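A quick write-up on the structure given underneath.
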Amino acid sequence: MPTNEEKYQALLKDLHELGVYLHGRGDKTHALSQQFAENAKKDASSREFDLNQSRMLDYQHHLWHEIGNLVDKLIKQHE
């Protein structure tokens with residue numbers, strides 16, 4: 001049976017992995033947002049759709065990073 005310290009270290013490891021995942025999702029969402037923004041400049045027929053997608057994805061990008069930052073803060077408080 002794992003000790004409390006082992007459980008604690010496993011939890012910190014999991015939190016680190018979660019933080020990396022959240023920031024990675026934020027980066028991927030931002031890249032996709034940029035693609036929609038670029039497409040909006042090139043294709044007038046779908047400009048409104050592309051701009052809306054870009055805004056929505058940019059908002060999600062900020063949320064992923066904000067949640068990731070909260071996880072990072074939690075880790076720092078307990079390391």
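These numbers come from a predicted model, not from an experiment.
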Mark yes or no for whether Gln9, through its side chain, and Glu6, through its backbone, hold a donor-acceptor pair below 3.5 Å.
no
If you compare all heavy atoms of Gln60 against all heavy atoms of Thr29, which two are closest, and at what distance to 0.1 Å?
CB-CG2, 3.8 Å
Lys73 and Lys76: side chain to side chain contact (heavy atoms under 4.5 Å, CB included), yes or no, with the steps?
CA-CA 5 Å; Lys73 183 179 176 183; Lys76 286 178 185 177; 5.8 Å; no
Can any side-chain N or O of Ser33 pair as donor or acceptor with the backbone N or O of Ser54 at less than 3.5 Å?
yes
N/O donor to acceptor pairs below 3.5 angstrom from side-chain atoms of residues 10-27, sequence neighbours left out:
unit_1: Lys13; atom_1: NZ; unit_2: Glu17; atom_2: OE2; d: 2.6
unit_1: His16; atom_1: NE2; unit_2: Glu79; atom_2: OE2; d: 3.0
unit_1: Tyr21; atom_1: OH; unit_2: Arg25; atom_2: NH1; d: 3.1
unit_1: His23; atom_1: ND1; unit_2: His65; atom_2: ND1; d: 2.8
unit_1: His23; atom_1: NE2; unit_2: Asp72; atom_2: OD2; d: 2.9
unit_1: Asp27; atom_1: OD1; unit_2: His65; atom_2: NE2; d: 3.0

So, for Lys41 and Arg47, which heavy atoms are closest and what is the spacing to 0.1 Å?
O-NH2, 3.7 Å
Roughly how far, to the nearest 0.5 Å, is CG of Asp43 from CD of Glu38?
13.0 Å
Can you get from Leu32 to Phe49 by hopping between Ile, Leu, Val, Met, Phe, Trp and Tyr side chains that sit under 4.5 Å apart?
yes
Interatomic distance, Leu57 atom CG to Phe36 atom CZ [nearest 0.5 angstrom]
6.0 Å
Please tell me whether Trp64 and Tyr59 are part of a single hydrophobic cluster in this structure, the criterion being side-chain heavy atoms less than 4.5 Å apart.
no
Sequence-distant partners of Glu48, side chain to side chain contact (heavy atoms under 4.5 Å, CB included), two or more places apart:
Asn52
